[in-house]
Amino acid sequence: MGSDSFINDVIWGLSDPQKHLPSKYFYDEKGSRIFQEIMQMEEYYLPKCEMEILNKQSQKIAMEINHDEFDIIELGAGDGTKTLIFLEAVMNIGKKITYIPMDISEEILKVNRQHILERLPDLSVEVLPGDYFSTIRAIESRPKPRLVMFMGSNIGNFPGEKAIEFIRFVNDYLNPGDYFLMGVDLKKNPHVIRAAYNDKKGITKKFNLNLLERINRELQGDFNLKAFEHYGVYNPLDGAALSFLVSMEEQDVHIADHTFHFDQYETIHTEVSQKYSLKDLDQLAIKTGFSWDRHFTDRMGFYSLSLFRK
Ligand code: AVI
């Protein structure tokens, strides 16, 4: 089923007058490895900022949650390294919690569980593997109040109105008095944002090009990777960092039974990484059905952990 929708999405995206490919396909095994490299990059400030907020303000965030006992559901939890800091802070102020990490990868959830329990052996952890658009349904039958977490600035990869749709979708699974905590990259000096998506070592370029490589590998495409350049741009007018692959020559590319023509300098749009201001986030909270919000930022004001209450 997976590769079926991959081929359909690729054919659909490359048939559009402005060619595009969905960024979710970056993350095959190789792409996930390159993403780990991105997370270590000097220019890519996002993980460092999120970590700083978690280290310094987890207790403050935890104190805002008006429940003594609740479930913590994390969407796209990964290995839980960062969340551990938050969970520990919540437990340290005497709250009773169950942690429910959701992730597409069953493997990573095993690592997550082991990791968390080594440090917090008394915590109840119930992993839920699968696509969180489906696994989130499981929380409906749980009677306790809940906090849903969505970290890592992943909300930024939902283009335009899709971010609103997604948060509304999460909101539908919450009851009044439940919370949503989201990691968000903030609008800032445009040079800083631009550099984060145009690193000197070319790791982001490798990440972007891997999408074409993946099409070659899995869909028997014949992209000539040397004929494409990475182009990352940040537009301060709307706060969108956009990534493109630029065809440096006129060429035809074949995938399955299809031929796609590229003019010289024609682009494929591969990703949006939306940046928000704190005012944008207040608006977002209102638009998505929340009645209260608070922002916890790092000392540079680059990044926010934003807490919304329904
Ligand atoms: C996963 N996501 C939040 C990253 C971002 O910043 O949009 C993906 C990424 N793309 C290029 N560098 C990092």
Side-chain angles (χ1 to χ4, degrees), residues 20-54 74-83 102-105 108 131-132 149-160 162-163 166-167 181-214 228-236 238-246 267-276 280-281 284 298 300 302-306:
H20 53 89
L21 290 168
S23 59
K24 65 177 178 184
Y25 294 116
F26 279 141
Y27 304 93
D28 66 344
E29 216 184 300
K30 184 168 175 193
S32 303
R33 253 187 287 127
I34 306 172
F35 184 60
Q36 290 309 314
E37 283 182 60
I38 288 180
M39 303 263 279
Q40 307 293 327
M41 279 168 14
E42 189 58 42
E43 298 95 331
Y44 196 68
Y45 54 84
L46 289 76
K48 292 183 271 279
C49 295
E50 191 170 77
M51 200 64 171
E52 182 197 311
I53 304 165
L54 285 168
E74 186 172 13
L75 309 178
D79 70 5
T81 317
K82 287 189 209 159
T83 317
M102 300 182 178
D103 201 286
I104 197 94
S105 159
I108 201 84
D131 180 343
Y132 53 66
M149 296 174 69
F150 192 51
M151 306 294 276
S153 182
N154 286 319
I155 192 67
N157 299 129
F158 287 86
K162 296 275 177 214
F166 175 71
I167 301 172
L181 181 68
M182 188 170 62
V184 190
D185 194 20
L186 297 177
K187 288 177 178 164
K188 60 181 69 61
N189 183 339
H191 291 291
V192 174
I193 297 174
R194 199 187 171 281
Y197 297 91
N198 290 281
D199 62 289
K200 288 203 196 83
K201 287 192 189 147
I203 298 169
T204 311
K205 173 180 177 176
K206 194 166 66 170
F207 182 63
N208 207 0
L209 279 170
N210 177 59
L211 195 49
L212 304 188
E213 220 178 304
R214 181 173 181 186
F228 285 87
E229 280 277 341
H230 161 75
Y231 181 67
V233 66
Y234 174 64
N235 180 358
D238 63 359
L242 304 177
S243 288
F244 296 91
L245 288 160
V246 188
T267 58
I268 311 173
H269 176 213
T270 53
E271 187 178 46
V272 57
S273 300
Q274 182 66 41
K275 311 305 171 193
Y276 293 89
D280 295 335
L281 289 168
L284 194 61
D298 62 297
M300 305 282 284
F302 277 11
Y303 195 92
S304 174
L305 286 189
S306 291

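Just so you know, these numbers come straight off a predicted model, no measurement behind them. Note that ligands are numbered from 1 as they come in the structure, with each ligand's atoms numbered from 1 the same way.
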Return a yes/no value for Thr204: is any of its N or O atoms, backbone included, closer than 3.5 angstrom to an N or O of ligand 1? no

May I ask you to list the atoms of ligand 1 that are less than 4.0 angstrom from any heavy atom of Asn154? 1 (C), 3 (C)

Which is it for Ser243 and Asn208 under the side chain to side chain donor-acceptor pair (under 3.5 Å) test, yes or no, and what are the steps along the way? CA-CA 8 Å; Ser243 288; Asn208 207 0; 4.7 Å; no

May I ask you to decide if Tyr197's main-chain N or O and His230's side chain share a donor-acceptor pair within less than 3.5 Å? yes

Polar contacts were defined as any N/O atom of the residue lying under 3.5 Å from an N/O atom of the ligand; does this apply to Tyr197 and ligand 1? yes

Heavy-atom contacts with Ser153 under 4.0 Å: which atoms of ligand 1 show up? List them by number with element. 3 (C)

For ligand 1, which atoms have a heavy atom of Ile38 less than 4.0 angstrom away? 12 (N), 13 (C)

Run the ring-centre check on Phe207 versus Tyr27 and record whether the distance is less than 6.0 Å. yes

Are the side chains of Asp185 and Tyr45 in touch, meaning some heavy atoms are under 4.5 Å apart? yes

Heavy-atom contact check, 4.0 Å cutoff: does Gly156 meet ligand 1? no

Can you tell whether the side chains of Glu37 and Lys206 come within less than 4.0 Å, N to carboxylate O? yes

Sub-4.0 Å atoms of ligand 1 with respect to non-hydrogen atoms of Gly152: 3 (C)

Sub-4.0 Å atoms of ligand 1 with respect to non-hydrogen atoms of Tyr27: 1 (C), 8 (C)

Can you tell me which residue and heavy atom of the protein come closest to atom 13 (C) of ligand 1, and the distance to 0.1 Å? Tyr44 OH, 3.5 Å

Polar side chain donor-acceptor pair, Ser23 to Asn157, under 3.5 angstrom: no

Look only at interatomic distance and state if Lys275 has a nitrogen or oxygen under 3.5 Å from any nitrogen or oxygen of ligand 1. no

Write out the residue and atom name of the closest protein heavy atom to atom 11 (C) of ligand 1, then the distance separating them to 0.1 Å. Glu271 OE1, 3.4 Å

Please classify the Asn157 to ligand 1 contact at 4.0 Å (heavy-atom distances, strictly less than): side chain, backbone, both or neither. side chain

Does the side chain of Asp103 come under 3.5 Å of the side chain of Ser105 through a donor N or O and an acceptor N or O? no

Quick note on ligand 1: atoms under 4.0 Å from a heavy atom of Ser273 include exactly 5 (C), 6 (O), 7 (O)

Mark yes or no for whether Asp298, through its side chain, and Tyr303, through its backbone, hold a donor-acceptor pair below 3.5 Å. yes

Identify which one of Gln274, Lys275, Lys187 satisfies the side-chain contact (heavy atoms from CB on, under 4.5 Å) criterion when paired with Asp280. Lys187

